[in-house]
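Input: a single structure, listed below in structure tokens.
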Amino acid sequence: MPSRLSDTFRAYPVEPHHKQVDFSSVKELPDSYAWTELDEYPSSHCPSKETLPVVDLNDPNALKLIGHACKSWGVFQVTNHGIPEELLHDVKCAAKNLFSLPVPQKLKASRSPEGISGYGVARISTFFPKQMWSEGFTIMGSPMEHARQLWPQGYSLFCDVIEQYQQEMKQLAGRLMWLMLGSLGLTKEDIKWSGPKGEFTGAVAALQLNSYPACPDPDRAMGLAAHTDSTLLTILYQNNTSGLQVLKEGSGWITVPPLSGALVVNVGDLFHILSNGLYPSVLHRAMVNRAEHRLSVAYLYGPPSWVQVSPLPELIDSNHPPLYKPVTWSEYLGTKAKHFNKALSLVRLCALVNGLPDVSDGTVKVR
Ligand SMILES: C=C1C[C@]23C[C@@]1(O)CC[C@H]2[C@@]12CCC[C@@](C)(C(=O)O1)[C@H]2[C@@H]3C(=O)O
Ligand SMILES: O=C(O)CCC(=O)C(=O)O
Ligand SMILES: [Fe+2]
């Protein structure tokens with residue numbers, strides 16, 4: 001098994017089986033973008049019944065509220081998170097500038113089939129028979145190489161904003177990690193790889209800029225198909241535009257209401273493993289709309305490449321056996337690249353439930 005993320009992507013190349021379209025010139029939804037059976041789980045039209053938790057990070061009860069949100073939703077929004085409004089505005093403008101470039105220019109910075117960074121369709125698109133109404137730009141590490149291809153003369157503004165955003169997000173992600181771990185009763189001593197100051201210095205992250213152009217037939221199109229993130233956690237800026245939906249058991253798809261200045265935090269698959277299944281990784285998707293172009297920026301946060309993520313020993317006892325095998329982020333991404341939504345069940349150990357083997361494969365059907 002490859003040990004670094006770059007080796008994983010080389011081992012599982014993604015060859016998109018279609019040409020990038022110029023969305024602005026499409027007046028009618030092409031059949032290749034028309035999704036059927038979008039309503040396998042109904043969308044909830046009653047926002048008052050199920051409201052996604054919003055946690056003010058200055059609230060003295062934040063830890064408890066986060067614990068509750070992670071357990072019952074696997075996702076929550078945060079306010080008072082400390083990311084300057086101006087930086088959110090700048091990153092939005094940087095993404096807007098990028099996606100407004102002509103298609104041939106964007107293609108100069110294409111993600112190679114074996115690569116992590118660059119312009120292209122979502123990695124998961126190969127698992128679906130229909131195409132998604134979106135384009136993306138992934139950045140791992142420095143954005144310089146690809147930014148130079150996009151703007152040979154003026155790449156430094158883009159790079160400065162992205163680098164500043166990566167720095168701020170890294171700090172916020174570390175803070176959220178401690179809140180989420182703290183809500184499980186865990187402390188700095190329990191997470192060896194968090195480093196001497198508990199700053200998670202070796203953590204690895206990818207930044208994903210997503211663009212969802214206005215769509216002539218939004219009810220039949222899909223922006224980003226249902227998935228869970230392979231991360232510990234993901235911090236999403238959805239720029240005040242609705243489109244993100246999360247699946248809530250018993251309630252169907254729930255739209256995450258855009259809250260000015262708030263950020264969405266998803267529990268990822270690796271945190272689900274760490275918590276021994278206590279915190280579910282949230283199944284989510286992005287819908288598109290007829291009138292507005294939507295942009296989102298996801299910060300996908302994971303452990304250093306050498307770390308084997310496994311259920312934390314503090315959460316294990318004779319009544320709570322470990323549910324997952326140890327796995328590195330790189331190995332997990334490889335499993336996800338091959339098996340997509342079955343990845344979690346493939347690293348799951350067969351547990352004894354009430355003395356009987358648990359035969360459920362734990363997967364959720366996604367389209
Ligand atoms: C580290 C990563 C997680 C991710 C694949 C990636 O290499 C960088 C892009 C990430 C992303 C963003 C959009 C949704 C997603 C499922 C995808 O196709 O690419 C996630 C991947 C993931 O979390 O598995
Ligand atoms: O655009 C969104 O709201 C969702 C994006 C997302 O899920 C991702 O980038 O992983
Ligand atoms: Fe996601």
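Counting starts at 1 for both ligands and their atoms, following the listed order.
Protein heavy atom at the shortest distance from atom 6 (C) of ligand 2 is Leu224 CD2, 3.5 Å. Looking only at heavy atoms of the protein, atom 20 (C) of ligand 1 is closest to Leu300 CD2, 4.4 Å. Annotation: atom 3 (O) of ligand 2 to nearest protein heavy atom, Arg294 NH2, 2.8 Å. Protein heavy atom nearest atom 9 (O) of ligand 2, with residue, atom name and distance: Asn210 ND2, 3.0 Å. Atom 5 (C) of ligand 1 has as its closest protein heavy atom Arg123 CD, 3.5 Å.
Ring planes of Phe271 and Tyr279: parallel class, angle under 30° (limits at 30 and 60°). Ring orientation note: the planes of Trp35 and Phe128 are tilted relative to one another, at an angle of 30° to 60°.
Smallest separation of non-hydrogen atoms from Leu63 and Ser183: O-CB, 3.5 Å. When every heavy atom of Val282 is checked against every heavy atom of Trp73, the shortest pair comes out as CG2-O, 3.7 Å. Residue Phe158 comes nearest to Ala147 through the heavy atom pair CD2-CB, 3.8 Å, listed as atom of the first residue, atom of the second, then distance. Here the closest non-hydrogen pair linking Lys106 and Glu135 is NZ-OE1, 3.0 Å.
In summary, of the residues considered (Asp229, Leu224, Val75), a side chain to side chain contact (heavy atoms under 4.5 Å, CB included) with His284 occurs for Asp229 alone. When each of Phe200, Trp329, Trp306 is tested with Trp193 by the rule ring-ring contact (aromatic ring centres under 6.0 Å, His included), just one qualifies, namely Phe200.
Counting heavy atoms closer than 4.0 Å to ligand 2, residue Gln238 contributes nothing at all. Of all the heavy atoms of His227, the ones lying under 4.0 Å from any atom of ligand 1 belong exclusively to the side chain. At a 4.0 Å heavy-atom cut-off, ligand 2 does not touch Thr234 at all. Residue contacts with ligand 1, taken as heavy atom pairs separated by less than 4.0 Å, involve Trp329 solely via side-chain atoms from C-beta onward. In Thr138, the part holding a heavy atom less than 4.0 Å from any atom of ligand 1 is the side chain. With a 4.0 Å heavy-atom cut-off, ligand 2 is reached by the side chain of Leu236 but not by its N, CA, C or O.
Distances from atom 24 (O) of ligand 1 to the heavy atoms of Ser330, Ser230, Gly302 put Ser230 nearest.
The shortest N/O to N/O separation between Gln208 and ligand 2 does not fall below 3.5 Å. In terms of polar-atom proximity, Ile124 is counted as a contact of ligand 1, with an N or O under 3.5 Å from an N or O of the ligand.
A distance-only check finds a donor-acceptor pair linking the side chain of Thr241 to the backbone of Asn239 [under 3.5 Å].
Within the 4.0 angstrom cut-off, atom 1 (C) of ligand 1 has one or more protein heavy-atom neighbours. Checking atom 9 (C) of ligand 1 against the protein gives a heavy-atom contact under 4.0 Å.
Inspection of the Gln208 and Thr138 side chains reveals an N or O donor paired with an N or O acceptor under 3.5 Å. A donor and an acceptor atom, one from each side chain of Lys336 and Thr8, are nowhere located under 3.5 Å apart.
Of all atoms in ligand 2, numbered sequentially from 1 with element shown, those under 4.0 Å from a heavy atom of Tyr212 are 1 (O), 2 (C), 4 (C), 5 (C). Proximity to His284 (heavy-atom distance under 4.0 Å) selects the following atoms of ligand 2: 7 (O).
Protein atoms of type N/O/S that fall under 2.8 Å from the Fe ion (ligand 3) number 3 in this view.
Within 6.0 Å of NE2 on His293 lie more than 12 heavy atoms contributed by other residues, nucleotides or ligands.
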